[in-house]
Amino acid sequence: MQAPLRLVDLDSPRPSLPKDAPFGANPAIVIGYAAEPVDVPAEEYDVLLTAAPDAPCPWVTHADPRTAADRLARVVAERSESAVALIQVLRMGRNLGPEERLVAESLAYSVLQSGAAFRHWLATTPRSAARPSSQPVRLARCGERLTITLDRPWVRNAVDAATRDALCEALTVVLADPSVTRVDLRGNGPAFCSGGDLSEFGTSHDPARAHLLRLDRSPAARLLPCAERVTAHLHGACVGAGIELAAFAARVVATPDTRIRLPEIGMGLIPGAGGTASIPRRIGRHRTAYLALSGGTLAAGQALSWGLVDEVAPAHRT
């Protein structure tokens, strides 16, 4: 099978893309790189890399863009199925509404749950025992303001099924009560949210049923209609679901120690908590693709520069 990747040196005299298939149907991931941003049809690329500092969207600045492209090539070679699925979902998202993007994401995620790469990751990754909470989400009402706090600090607020369901219930309260005009979404302890609870990964053996459950019990779907009232307050680790859900909020405030990461490709998956719908709306699909494919960490300052967060401010004190 042909490698699902094309690297394009945009500094070459006549860079070109093969036209053997319509771009939307092309399984190849297309990565362009150049010393300085150049005038190219950005929609024909999935990632654009440059050495220029503070490059404009959709470009990603890297000290050595060719080396960065080669690193992405290795990721794609090792995780072809999840990498291609990610790019195809992001491409489709250009023509879909946010609710439809959630459906497309969930379908791809469910398929990958049955894949060999994810099963290998499950078999080779040590995971701790489940550490549930009787009250994983706390609510506090003060006048028109509701504070929703993820409260499993001993696992850095990792999202297990109980946390997901409690968050859905909290957001259902917001949707049912228009007198709640402001919602603050916070995390207790050293991190806002470290992503999905790994102790529950792979416990569902029916991907079709998991897809239906994911859509029915989706915090992302409940955030969409009330997002204009929500401010997400990030600190520490914001991994996977921790940034995917926060990015739906109308306003995202981060402390200087905030660190953002999308690790799912390395697991043989794609973001599955709404990230392919929420994050591209803030930073575009090219930078979303880079963040997910690289698995790298985005610091608060860079997240502010990209628009993934709206403000960097000192930690909230109570």
Side-chain angles (χ1 to χ4, degrees), residues 81-82 85-86 88-90 92-93 96-119 121-123 125 127-137 139 148 150-152 155 157-176 185 187 193-227 230 239-248 262-265 267-279 292:
E81 294 85 356
S82 54
L86 168 77
Q88 291 179 330
V89 168
L90 290 174
M92 286 189 294
L96 299 176
E99 294 86 358
E100 295 166 312
R101 291 187 187 193
L102 293 179
V103 175
E105 176 186 282
S106 180
L107 285 168
Y109 190 93
S110 295
V111 168
L112 292 168
Q113 281 185 311
S114 299
F118 178 57
R119 290 297 160 188
W121 181 87
L122 282 176
T125 302
R127 287 171 292 153
S128 59
R131 300 175 66 189
S133 169
S134 60
Q135 190 179 5
V137 174
L139 302 183
I148 301 174
L150 305 178
D151 194 21
R152 297 178 71 218
V155 288
N157 298 319
V159 179
D160 61 0
T163 303
R164 176 203 65 202
D165 290 346
L167 186 54
C168 282
E169 292 170 8
L171 292 169
T172 299
V173 169
V174 176
L175 292 171
L185 181 59
C193 176
S194 60
D197 192 324
L198 299 188
S199 70
E200 293 188 347
F201 271 42
T203 55
S204 173
H205 300 288
D206 187 339
R209 183 173 294 277
H211 164 64
L212 296 178
L213 178 63
R214 192 177 300 110
L215 295 181
D216 182 59
R217 303 299 292 165
S218 169
R222 288 163 174 79
L223 271 168
L224 277 171
C226 65
V230 179
V239 180
I243 187 59
E244 296 175 56
L245 294 174
F248 282 107
L262 293 175
E264 293 89 349
I265 294 294
M267 303 175 184
L269 300 171
I270 66 171
T276 63
S278 62
I279 297 175

Go through it in stages, so that I can follow the logic: the residues are L171 and C226, the test is side-chain contact (heavy atoms from CB on, under 4.5 Å), and I'd like the CA-CA distance, side-chain angles, deciding distance and then a yes or no. CA-CA 8 Å; L171 292 169; C226 65; 4.3 Å; yes
Side chains of R164 and L245 in contact at under 4.5 Å (non-hydrogen atoms): no
Identified side chain to side chain contact (heavy atoms under 4.5 Å, CB included) counterpart of L262 within the set I270, V239, I243: I243
So which heavy atom on G274 is nearest to which on A220, and how close? CA-CB, 4.3 Å
Donor-acceptor contact present, side-chain E244 to main-chain T276, <3.5 Å: no
A221 and P225: which non-hydrogen atoms are nearest, and at how many Å? O-CD, 3.1 Å
Do the side chain of S106 and the main chain of L102 share a donor and acceptor less than 3.5 angstrom apart? no
Any sub-3.5 Å donor-acceptor pair from E100's side-chain atoms to G97's backbone N or O? yes
Please report the shortest heavy-atom distance between P219 and L167, naming the atom on each side. CB-CD2, 3.8 Å
Surrounding CZ of R209 (heavy atoms of other residues, nucleotides or ligands, distance under 6.0 Å), is the total greater than 12? no
Please examine the side chains of L269 and F201, heavy atoms only from C-beta on, and report whether any two atoms are closer than 4.5 Å. yes
What are the two closest non-hydrogen atoms of L96 and M92, and how far apart are they? CG-O, 3.3 Å
Quick one: pull up CD in E105 and CG in L90 and give me the separation to the nearest 0.5 Å. 9.0 Å
Any chance you could measure M267, atom CE, to F118, atom CZ, to the nearest 0.5 Å? 8.5 Å
Looking only at heavy atoms, what is the nearest atom pair of C193 and L150, with distance? CB-CD1, 4.0 Å
Partner residues of R217 under the salt bridge (charged side-chain N to carboxylate O under 4.0 Å, His left out) criterion, sequence neighbours left out: D165
Distance from H211 atom NE2 to D206 atom CG, nearest 0.5 Å? 11.5 Å
What's the verdict on side-chain hydrogen bond (donor to acceptor under 3.5 Å, both in side chains) for S199 and R131, showing C-alpha distance, side-chain angles and the deciding distance? CA-CA 8 Å; S199 70; R131 300 175 66 189; over 6 Å; no
Evaluate the side-chain contact (heavy atoms from CB on, under 4.5 Å) criterion for residues V174 and V230: first the C-alpha distance (whole Å), next the side-chain angles of each, then the deciding distance (0.1 Å), finally the verdict. CA-CA 10 Å; V174 176; V230 179; 5.7 Å; no
Candidate pair D151 and T163, rule side-chain contact (heavy atoms from CB on, under 4.5 Å), full reasoning: CA-CA 9 Å; D151 194 21; T163 303; over 6 Å; no
Rounded to the nearest 0.5 Å, the CG atom of L122 sits from the CZ atom of R127 at a distance of 5.0 Å
Spacing of C168 atom SG and L175 atom CG [to the nearest 0.5 Å]: 10.0 Å
Taking salt bridge (charged side-chain N to carboxylate O under 4.0 Å, His left out) as the definition, give me every residue that meets it alongside R101, ordered by chain and number, with sequence neighbours left out. none
Could you tell me if the side chain of L212 sits less than 4.5 Å from the side chain of D216, heavy atoms only? no
Backbone N/O of Q113 and side chain of R119: donor-acceptor pair under 3.5 Å: yes
Would you call R152 and D160 a salt bridge, taking side-chain N to carboxylate O under 4.0 Å as the test? yes
Could I get the full list of side-chain hydrogen bond (donor to acceptor under 3.5 Å, both in side chains) partners for S133, not counting sequence neighbours? none
What pair of heavy atoms forms the shortest contact from A241 to G196, and how long is it? CB-N, 4.5 Å
Inter-residue atom distance T172.OG1 - R222.CZ, 0.5 Å rounding: 4.5 Å
Take S82 and E264 through the side-chain contact (heavy atoms from CB on, under 4.5 Å) test and state the conclusion after the steps. CA-CA 9 Å; S82 54; E264 293 89 349; over 6 Å; no
